[in-house]
Engineer: 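Take this structure, written in structure tokens, and hold onto it; I'll ask about it next.
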Amino acid sequence: MEFTMGSLIDEAETGEQPLDPKPLHSLAPMFPTPPGYDVAISDPPFFYITPIQQHPGPGAASFAGPPPQQHPGPAPASSAGPSPGPGSAVPLKATPISAAFPARRPKEELSDEDYTPASEKRKPSSSSPKRTAKKVRQAGDSTAVNTKQRPIRRSLSKELAGWPSTSDNPREAVEATMAMFDSLRRRTLQLDEKEGLGRRADLKASVLMNQNNLKINSLKTIGPVPGVEIGDIFFYRIEMCIVGLHAPSMAGIDYLSAKLAGRDESLAVSIISSGGYENVEDETDTLVYTGQGGNSRRKDKEKHDQKLEKGNLALSNSASKKNQIRVVRSARDPFSITAGKVYIYDGVYRIEDSWMDTAKSGFSVFKYRLRREPGQPDGFSVWKMTDKWKANRATRENAMVLDLSSGAEILPVCLVNEVDGERGPSHFKYVTGVKHSRPLSRNRPLHHCECTSVCMPGDPNCSCARQNGGDLPYNLDGVLARHVPMLYECSRDCHCTKDCRNRVAQRGVQLNFEVFRTRDRGWGLRSWDPIRAGAFVCEYAGQVMDETNMSMDVQEDEYTFRTTCPNDKAVRWNLGAELLEEKGADDATAERFKRLPVVISAKDAGNVARFINHSCSPNLLWQAVQYDHTDNSYPHIMFFAMKHIPPMTELTYDYGIRGAPPGIKGKSPLACKLRPCLCGSANCRGSF
DNA sequence: GACACATCAGTTGG
DNA sequence: CCCAACTGATGTGT
């Protein structure tokens with residue numbers, strides 16, 4: 001959060017850093033929404049936030065149609081609806097997104113109405129709890145007959161009118177697509193868990209993306225995929241399908257068939273090395289990859305020799321053709337309870353050797369040695385470094401302090417400077433929580449539930465779920481399902497245990513942080529661990545001030561947190577979740593995100609959050625959280641990841657337009673002192 | 001607990 | 001239409 005005026009580092013110095021944190025990686029724009037929004041007042045049940053259209057973004061000219069690369073030919077057979085006519089560039093020609101979730105709330109007739117395919121007689125008994133992808137597909141196919149525009153569909157196309165296209169800004173399109181997928185996935189999981197069918201929300205979200213033509217880069221290409229950067233991480237195989245990095249949902253080898261390649265032989269385009277075979281992946285610039293097949297996990301299938309067909313044949317063709325092959329490596333997700341994997345895009349490689357070998361099973365396999373193309377940014381090698389540091393913190397180069405928190409945090413906070421001669425930040429006391437300067441109003445008793453062991457989604461007796469609008473705010477994996485105006489975690493008066501899923505932020509920081517010297521923005525914060533979208537990052541700790549009594553001097557302090565009203569990017573984080581709602585006027589509307597009087601100063605005392613810099617395209621959002629008192633004007637300010645954040649990526653949030661007097665949102669910025677913004681993102685507002 | 005293993009429900013494209 | 005594919009979540013046993 002430190003801001004250093006006019007001390008730009010010489011460019012020459014920047015090339016030699018052993019670690020290139022790739023600032024653009026995290027600072028790329030997410031949504032082309034103008035810095036404003038409007039709360040829709042018409043059709044309230046169907047849409048909530050509408051981008052202001054008077055200032056169309058650069059992508060507006062291309063309208064809302066699917067990205068040009070998409071479906072250049074006939075639509076895939078699986079969704080064989082006729083392609084939209086020239087005038088109907090609306091991407092959501094298929095089933096309304098809500099249709100995938102019929103009978104969620106049987107009371108609402110809208111769901112049935114919307115869901116039932118026109119060609120099918122509506123059956124009131126469609127409330128079968130099982131919502132399969134097949135159902136969705138049927139609905140999608142038949143909507144071709146259904147020309148009537150339903151409100152929900154209109155709202156969807158409105159929502160997505162500003163949707164970035166790959167031709168406009170590929171990075172933006174990838175980030176928006178990833179954000180949409182994970183928002184759909186988190187909300188789907190949250191709703192499914194309530195009904196006890198919380199399985200494969202990733203696949204369900206993928207089907208929704210497919211139905212609504214939201215997948216991008218679906219034309220297979222050799223070499224880099226537009227908008228996907230080296231080092232990008234994925235928590236599901238299907239995420240890589242959706243952005244066009246790797247098309248097969250399970251198979252490790254993606255290839256162009258001879259026909260698609262326009263050649264007489266197929267060519268491999270992408271491989272995933274994720275531990276299923278006996279690959280050699282210790283080196284960061286070479287990889288010995290095993291061909292596919294013969295390795296079935298199923299008991300009823302016996303193992304056999306690999307055959308020179310499909311992916312193996314394509315890899316062998318590529319061995320002589322020497323074309324670029326994208327490589328995705330994998331690692332264990334350190335925070336997954338269920339041995340989940342993280343997939344890391346590591347750039348392009350070429351095959352330099354291939355041979356046949358005998359696997360441990362005794363059957364013959366194909367082997368391919370690939371070498372990474374030189375000159376590419378760091379990808380998987382960053383993981384190797386952070387693994388080493390986590391195993392032994394003393395191996396961190398240029399570390400000035402091994403634990404800035406002096407033991408206050410569960411995990412030490414490293415302080416490093418690889419940029420200049422600064423010895424460290426000015427003195428402050430490290431504290432992990434907030435201190436209030438005046439007593440909080442205690443006019444209400446602390447909320448609490450009677451759950452005996454842990455709170456379970458769908459339990460109508462859990463008063464904490466009720467307090468949160470009926471949903472437990474976190475999924476089983478501990479990620480925030482939706483951004484909400486106020487989140488209520490279980491309190492000390494709750495009867496549930498400390499490992500209840502509704503106690504996440506109160507448990508404190510679980511990441512290996514480092515405070516590091518940026519090139520031009522003072523100190524910054526990043527993590528040695530990967531952080532998935534929705535994961536808790538840290539609280540903004542410090543002294544809680546009373547806004548009304550604050551002087552202008554204090555307001556200008558660079559170590560001050562104040563809320564802005566509201567953070568439109570954070571509100572947009574729920575986009576996918578909102579599209580799932582059959583009714584949602586009372587859900588995440590911008591109107592409900594009010595500016596809060598809470599102001600926190602971390603000047604004299606604070607935690608890692610005081611080092612988080614501003615960005616106009618941030619990777620964190622703040623979420624108001626309550627659990628230890630009842631004064632909703634002064635909640636805890638908790639940061640959560642807005643997207644998947646690879647290790648060593650700077651963490652940022654949107655400070656908002658600072659200094660604007662309360663109640664005047666985004667107006668008269670000249671009336672207050674603004675600082676120039678150096679975030680470097682395409683949507684940079686220039687100051688904050 | 002951490003892990004290995006089995007099973008089950010799924011998508012995708014050849 | 002069928003099937004294989006380096007899935008992912010859950011359950012069982014060590």
Side-chain angles (χ1 to χ4, degrees), chain A residues 75-80 100 129-137 140 181 185 188-189 192-193 196-211 215 218-220 234-242 244-261 266 268-281 287-304 306-307 309-315 327-334 336-344 359 361 365-368 475-477 499 532:
Chain A
S78 59
S79 59
K130 195 167 163 117
R131 296 180 295 270
T132 65
K134 283 196 185 89
K135 269 284 197 204
V136 174
R137 182 164 300 162
F181 167 81
R185 187 195 64 83
T188 301
L189 182 57
D192 278 0
E193 280 188 328
L197 18 101
R199 285 166 103 97
R200 300 309 302 258
D202 57 326
L203 297 185
K204 289 178 182 165
S206 164
V207 167
L208 289 169
M209 298 292 285
N210 229 352
Q211 284 298 309
K215 293 193 175 179
S218 44
L219 258 192
K220 287 188 186 184
F234 306 86
F235 287 78
Y236 296 93
R237 283 287 303 259
I238 214 86
E239 289 184 289
M240 291 179 281
C241 308
I242 286 164
L245 184 63
H246 188 91
S249 61
M250 297 177 78
I253 305 168
D254 190 10
Y255 59 98
L256 280 169
S257 62
K259 200 167 150 194
L260 271 175
S266 58
V269 295
S270 169
I271 58 171
I272 296 181
S273 179
S274 66
Y277 290 92
E278 297 153 17
N279 296 341
V280 182
E281 43 188 7
L287 167 69
V288 176
Y289 191 79
T290 310
Q292 66 190 177
N295 194 31
S296 179
R297 268 167 59 184
R298 296 178 55 131
K299 198 98 187 236
D300 54 331
K301 299 268 166 112
E302 48 191 35
K303 298 191 189 258
H304 56 80
Q306 290 189 345
K307 300 186 192 111
E309 58 180 23
K310 298 181 180 173
N312 299 341
L313 180 57
L315 276 173
V327 168
V328 175
R329 306 226 193 191
S330 72
R332 239 202 77 114
D333 175 2
S336 167
I337 353 165
T338 63
K341 279 179 194 154
V342 193
Y343 300 95
I344 305 123
S361 63
V365 290
F366 295 96
K367 292 282 183 181
Y368 305 89
N475 291 330
L476 189 58
D477 50 14
D499 56 345
R532 69 187 296 171

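Letters A, B, ... are given to chains in the order of the sequence lines, protein chains preceding strands, and every chain is numbered from 1.
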Engineer: From CG of A:Asp254 over to C1' of C:dT7, roughly how many Å is that when rounded to an integer?
Structural biologist: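 That distance rounds to 16 Å.
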
Engineer: Rounded to the nearest 0.5 Å, what separation is found between the CD atom of A:Glu193 and the CG atom of A:Leu476?
Structural biologist: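 Atom-to-atom, A:Glu193:CD and A:Leu476:CG are 5.5 Å apart.
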
Engineer: To the nearest angstrom, how far is A:Gln306 atom CD from C:dC6 atom C1'?
Structural biologist: 11 Å

Engineer: Scan A:Lys204, A:Arg200, A:Arg199 and name whichever one has a salt bridge (charged side-chain N to carboxylate O under 4.0 Å, His left out) with A:Asp202.
Structural biologist: A:Arg200

Engineer: Measure from CG on A:Asn295 to P on C:dT7 and round the result to the nearest Å.
Structural biologist: 10 Å

Engineer: Grab the CD1-P distance between A:Ile242 and B:dG13 for me, whole Å please.
Structural biologist: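 After rounding, the gap between these two atoms is 12 Å.
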
Engineer: Looking at every strand, decide which applies to A:Lys220 at a 4.0 Å heavy-atom threshold: base, sugar-phosphate, or nothing.
Structural biologist: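 Sugar-phosphate, no base atom in range.
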
Engineer: Between A:Pro248 and A:Arg332, who's closer to the 5' end of DNA chain B by nearest nucleotide?
Structural biologist: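 Per heavy-atom nearest nucleotide, the more 5' residue is A:Arg332.
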
Engineer: Atom NZ of A:Lys341 and atom P of C:dT7: how far apart are they, to the nearest Å?
Structural biologist: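 About 4 Å, once rounded to whole Å.
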
Engineer: Could you state the interatomic distance from CZ (A:Phe366) to CG (A:Leu315), rounded to the nearest 0.5 Å?
Structural biologist: 10.5 Å

Engineer: What is the distance, to the nearest angstrom, from the CG atom on A:Asn210 to the C1' atom on B:dT11?
Structural biologist: 9 Å

Engineer: Keeping A:Asn295 on the side-chain end and A:Gly276 on the backbone end, is there a donor-acceptor pair under 3.5 Å?
Structural biologist: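 It does hold such a pair.
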
Engineer: What's the closest nucleotide to the side chain of A:Arg199 if the choices are C:dT7, B:dT12, C:dA9?
Structural biologist: C:dA9

Engineer: Measure from the side-chain N and O atoms of A:Lys215 to the backbone N and O of A:Gly244, and report whether any donor-acceptor pair falls under 3.5 Å.
Structural biologist: no

Engineer: Report, one pair per line, the protein and nucleotides 4-6 of chain B atoms (nitrogen or oxygen only) whose separation is under 3.5 Å.
Structural biologist:
{"residue": "B:dA6", "atom": "OP1", "partner": "A:Lys299", "partner atom": "NZ", "Å": "3.4"}

Engineer: By ring pair (Phe, Tyr, Trp, His ring centres under 6.0 Å), which residues pair with A:Phe235, not counting sequence neighbours?
Structural biologist: A:His644

Engineer: Do A:Phe234 and A:Val328 touch side chain to side chain, with heavy atoms closer than 4.5 Å?
Structural biologist: no

Engineer: So, do A:Asp477 and A:Ser336 sit near enough that their side-chain heavy atoms are less than 4.5 Å apart?
Structural biologist: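 SC-SC contact between A:Asp477 and A:Ser336 ruled out.
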
Engineer: What's the closest nucleotide to the side chain of A:Ala247 if the choices are B:dG13, C:dA5, C:dA9?
Structural biologist: B:dG13

Engineer: Could you tell me whether the side chain of A:Ser249 has a donor or acceptor atom within less than 3.5 Å of a complementary atom in the base of B:dT11?
Structural biologist: yes

Engineer: Measuring only between side-chain heavy atoms, which start at C-beta, is A:Arg329 closer than 4.5 Å to A:Leu287?
Structural biologist: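 When only atoms from C-beta onward are counted, A:Leu287 and A:Arg329 do touch, with a gap below 4.5 Å.
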
Engineer: State the CG-CZ distance between A:Leu208 and A:Arg185, to the nearest 0.5 angstrom.
Structural biologist: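 One finds 13.0 Å between CG of A:Leu208 and CZ of A:Arg185.
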
Engineer: Quick test: give all pairs of protein nitrogen or oxygen and nucleotides 2-4 of chain C nitrogen or oxygen below 3.5 Å, distance rounded to 0.1 Å.
Structural biologist:
{"residue": "C:dA4", "atom": "OP2", "partner": "A:Lys301", "partner atom": "NZ", "Å": "2.7"}

Engineer: How close or far is atom C1' of B:dG13 from atom CG of A:Leu203, stated in whole angstroms?
Structural biologist: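 It is 15 Å, rounded to the nearest whole Å.
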
Engineer: Can you name the side-chain hydrogen bond (donor to acceptor under 3.5 Å, both in side chains) partners of A:Ser266, sequence neighbours left out?
Structural biologist: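 A:Ser266 satisfies side-chain hydrogen bond (donor to acceptor under 3.5 Å, both in side chains) with A:Asn317 once adjacent residues are dropped.
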
Engineer: May I ask you to evaluate whether A:Lys215 reaches the phosphate of B:dT12, defined as a side-chain N or O under 4.0 Å from OP1 or OP2?
Structural biologist: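 It does, given that an N or O in the side chain of A:Lys215 lies less than 4.0 Å from OP1 or OP2 of B:dT12.
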
Engineer: Rounded to whole angstrom units, what separation is found between the CD1 atom of A:Ile272 and the P atom of C:dG8?
Structural biologist: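 Atom CD1 in A:Ile272 sits about 9 Å away from atom P in C:dG8.
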
Engineer: Which residues satisfy the side-chain hydrogen bond (donor to acceptor under 3.5 Å, both in side chains) test with A:Asn312, sequence neighbours excluded?
Structural biologist: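 So A:Asn312 forms no side-chain hydrogen bond (donor to acceptor under 3.5 Å, both in side chains) with any residue.
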
Engineer: It should be established whether A:Tyr236 places a side-chain nitrogen or oxygen under 4.0 Å from OP1 or OP2 of nucleotide B:dT11.
Structural biologist: no

Engineer: Within the structure shown, what part of the strands sits under 4.0 Å from A:Ser273 by heavy-atom distance: base, sugar-phosphate, or nothing?
Structural biologist: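 Base contact.
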
Engineer: On DNA chain C, nearest-nucleotide positions of A:Arg185 versus A:Gly275: which is more 5'?
Structural biologist: A:Gly275

Engineer: Which nucleotide wins on minimum distance to the side chain of A:Gln292, given the candidates B:dG14, C:dC6, C:dG8?
Structural biologist: C:dC6

Engineer: Any idea which of C:dT7, C:dC6, B:dT11 is nearest the A:Tyr343 side chain?
Structural biologist: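 The answer is C:dT7, which lies nearest to the side chain.
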
Engineer: Could you check if a side-chain atom of A:Ile253 sits within less than 4.5 angstrom of a side-chain atom of A:Tyr289, using non-hydrogen atoms only?
Structural biologist: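 They are in side-chain contact.
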
Engineer: For B:dT12, does OP1 or OP2 lie under 4.0 Å from any side-chain N or O of A:Ser206?
Structural biologist: yes

Engineer: Please convert DNA chain B into dot-bracket. A pair counts if it is Watson-Crick or G-U wobble with both distances under 3.5 Å; crossing pairs go in [ ] and bases paired with another strand get |.
Structural biologist: .||||||||.||||

Engineer: Return whichever of A:Ser257 or A:Ile238 has its heavy-atom-nearest nucleotide of DNA chain B closer to the 5' end.
Structural biologist: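 Result of the comparison: A:Ile238.
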
